[in-house]
Amino acid sequence: MRVVIDRQNRNIECEMIIPKNPKLTVDQLAEVKRIVEEFGCKIQVIEGAVQSIYAILGDERHELLINRIEGLDYIDRVDTIQSPHKLLDIRSELKNNKTVFGGIELGERFLAIAGPCTIDPKDPNRFYETAEALKEAGAHAIRGGVWKPRTNPYSYQGDDKALEILMEGSRRTGLPANTEVMDERNLELAMEAGVQMLQIGTRNALNYSLLRAVGQAVAGTDTAVLLKRGRHIGSINEFISAAEYIVNFGNPNVLLCPRGTLPSLEGFRNHPDESITPLLKEKTWVPVVVDPSHSVGKALYVEACSMAAVAYGADGLCIEANIDPVTGLGDDPKQAITPEAFRRLLKKCESIWELRS
Ligand code: PEP
Ligand code: MN
């Protein structure tokens, strides 16, 4: 496959050689190989039972090369395949990227991120105790909201002071931390503090200037970005393209996070969308980390949604958890689970993970 990463026109191009007969003969293949090698490219044979195609692997597009190949009397044509998200496309050369977070190589082992919805700046010990208990229960990373996107303007909106608590929790446990950034000021503070995973929440998933700023800020660093699916996003391509904005600046460590879309079922906070995981996997090489907590919105349903996410092929989960959900801030009284429930959930999810392999 000839993969051209062209940062100007935003399309991935893969050149596929289609022969007139179902397969090239040994001599024909040798001739085709000789020609593409003259242009610094290689051939990848994609062998079908009936029809084979021959992808050109290389970095540049040579019109002359295409003309030489198309000029061979046993070649039907050279097709160009295009994708709107050239970097995240499953055919992109970035598909070999390995995202490592919390000591886990995504795809190799299951990643579990957990922590409260909102860090209470007046009660740092609650966060530290929650983080320790979750680590002990098997979490690989902790989450905690410092700045909160609240629907109601009179609800608690977050506090810069919580950032220090988040990072202290990370130091005490040795687990990397995730927190949401809603604007460029949050972004600057989070990067300065060394937050290891930035979250872009559902409300900002289509805020292209923030996506660009995040992409620029994380370029050249190890910082990962968890991009939640916008609650209003319909198309899968729109979601993938939002992540492409970030990766376009050079850091490929982005994770796609289905977290429920506009509610259409009485009883669930949002419409669960862990079922889009296989679609994301088919189109991209990007790890998928599902957030069951905001999806179903009730602690009681979180375990089932988590197991479904793993069954659908998710690489990990991001779950709201608190040592005492009832007295927590933000979403915790409704949807956070206890560290003990998290431990049980993890065990079940790991068994489903094993069944997949
Ligand atoms: C959160 O993670 O606490 C949060 C507000 O997430 P979302 O953007 O999915 O609502
Ligand atoms: Mn929340």
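Whatever order the structure lists them in is the order used to number ligands and atoms, beginning at 1.
Side-chain atoms of T99 and N97 form a donor-acceptor pair, as typed in the model, at a separation below 3.5 Å. N270 and H294 share no donor-acceptor pair across their side chains, judged by distance under 3.5 Å alone. Between the side chains of Y301 and Q335, no donor N or O sits under 3.5 Å from an acceptor N or O.
Ligand 1 lies out of reach of R231, whose nearest heavy atom is not under 4.0 Å from it. At least one heavy atom of C117 sits under 4.0 Å from some atom of ligand 1.
Its N, O or S atom nearest to the Mn ion (ligand 2) is what matters here, and for D331 that atom is OD2.
Computed with the Mn ion (ligand 2) at the centre, the C117 SG to E320 OE2 angle is 100°, stated to 10 degrees.
Residue, atom and distance of the protein heavy atom nearest to atom 4 (C) of ligand 1 are H294 NE2, 3.3 Å. At the top of the distance list for atom 6 (O) of ligand 1, counting protein heavy atoms only, stands K228 NZ, 3.0 Å. Among all non-hydrogen protein atoms, the one lying nearest atom 3 (O) of ligand 1 is K148 NZ, 2.8 Å. For atom 8 (O) of ligand 1, the closest non-hydrogen atom on the protein side is T202 N, 2.8 Å. The single protein non-hydrogen atom nearest to atom 10 (O) of ligand 1 is R259 NH2, 2.8 Å, given as residue, atom name and distance.
Considering backbone and side-chain N/O atoms, D291 never comes within less than 3.5 Å of an N/O atom of ligand 1. Polar contact with ligand 1: absent for D331 (N/O pair, distance under 3.5 Å).
Atom numbering of ligand 1 starts at 1 in the shown order; those under 4.0 Å from a heavy atom of R143 are 1 (C), 2 (O), 3 (O). In summary, the atoms of ligand 1 found under 4.0 Å from a heavy atom of G201, numbered by their order in the structure, are 8 (O).
Proximity of a side-chain donor or acceptor of R126 to a complementary backbone N or O of T327 within less than 3.5 Å is detected. With hydrogens and angles disregarded, no donor-acceptor distance shorter than 3.5 Å links the side chain of N21 to the backbone of K23. Counting only distance, with no hydrogens or angles, the side chain of T202 and the backbone of R229 share a donor-acceptor pair below 3.5 Å.
Partner of D291 under the side chain to side chain donor-acceptor pair (under 3.5 Å) criterion, out of K228, Q199, R259: K228 alone.
Residues D159 and W147 come closest through the heavy atom pair C-NE1, 4.4 Å.
Relative to the ring axis of Y245, R212 does not place its NZ or CZ within 45° and under 6.0 Å from the centre.
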